[in-house]
Amino acid sequence: MAAAGSEASERLRAEVLRLVALIPEGRFTTYGSIAFRLKVNPRRVAWFLARLSPEEAGVLPWHRVVAAEGRISRGMDPALRAEQQELLEAEGLEIDGKGFVLDPDRHFHAIRS
DNA sequence: GGAGAGGCTTACT
DNA sequence: AAGTAAGCCTCTC
């Protein structure tokens with residue numbers, strides 16, 4: 001019953017996409033923030049972003065979504081991390097060589113309805 | 001229809 | 001700062 005096409009799942013995916021798209025340039029948010037706003041587990045948000053369509057990934061600033069506290073988790077693929085880091089740097093954000101945002105509080109974007 | 005394995009996390013130590 | 005442990009969801013066979 002891998003009902004990934006359920007109405008609830010599809011709607012939730014749209015909500016996540018919408019929130020991510022609302023993130024201003026030069027700013028970032030966390031999986032936990034989006035997850036908390038949608039009343040779902042952080043992991044589910046990450047799953048949706050990971051399963052995004054190439055077309056949506058090209059329009060959505062998924063790179064502005066990082067792990068808790070503006071840190072990039074280590075479980076992610078190195079190539080993906082590098083791409084995300086490069087995209088964030090291109091937006092004016094400063095990322096540590098280890099994948100840590102230098103001023104998380106200054107660039108943090110709280111999710112709101 | 002049911003069971004098993006995996007994952008872009010989080011929080012704690 | 002890094003590593004480990006726990007817990008929840010989705011996907012695939």
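Residue numbering restarts at 1 for every chain, and letters A, B, ... go by the order of the sequence lines. Predicted, not measured: the structure shown is a model, and the values here were computed from it.
For the side chain to side chain contact (heavy atoms under 4.5 Å, CB included) test, residues two or more places apart in sequence or in another chain that qualify with A:Q85 are A:E89, A:I95. Evaluation of the side chain to side chain contact (heavy atoms under 4.5 Å, CB included) rule for A:E86 yields no partner, not counting sequence neighbours. A search for side chain to side chain contact (heavy atoms under 4.5 Å, CB included) contacts involving A:A35 returns A:V40, A:P42, A:V45, not counting sequence neighbours.
Electrostatic pairing of A:R37 and A:E15 does not count as a salt bridge here, judged by no charged N lying under 4.0 Å from a carboxylate O.
A:I72 has its CD1 atom 16 Å from the C1' atom of B:dT10, to the nearest Å. To the nearest angstrom, P of B:dT9 lies 17 Å from CG of A:L38. Rounded to a whole Å, the NZ atom of A:K39 is 17 Å from the C1' atom of C:dC9.
The backbone N or O of A:A67 sits nowhere less than 3.5 Å from a side-chain atom of A:T30 that would complete a donor-acceptor pair. Side-chain atoms of A:R27 never come within 3.5 Å of backbone atoms of A:H109 as a donor-acceptor pair (strictly under, hydrogens ignored).
Rounding to the nearest 0.5 Å gives a distance of 6.5 Å between CG of A:D103 and CD of A:E94. With values rounded to the nearest 0.5 angstrom, A:F28 atom CZ is found 11.5 Å from A:R106 atom CZ.
Counting all heavy atoms, side chain and backbone alike, A:P61 lies closest to A:A21 at CD-CA, 3.9 Å.
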Only Watson-Crick and G-U wobble pairs with both distances less than 3.5 Å should count. Give DNA chain C in dot-bracket notation, marking inter-strand partners with |. .|||||.||||||
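Proximity note for A:N41 (side chain, C-beta onward) versus C:dC8, B:dT10, C:dA1: the nearest is C:dC8.
Residues A:L38 and A:I111 form no side-chain contact, since every pair of their non-hydrogen atoms from C-beta on lies 4.5 Å or further apart. In this structure, the side chains of A:R13 and A:L17 come closer than 4.5 Å at one or more pairs of heavy atoms.
Within residues 44-53 of chain A, the residues approached by DNA chain C to less than 4.0 Å at the level of any non-hydrogen atom are A:R44, A:W47, in residue-number order.
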Just the atom pairs and distances: protein N or O near nucleotides 11-13 of chain B's N or O, under 3.5 Å.
none

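Mapping A:L12 and A:K98 onto DNA chain C by nearest heavy atom places A:K98 at the nucleotide closer to the 5' end.
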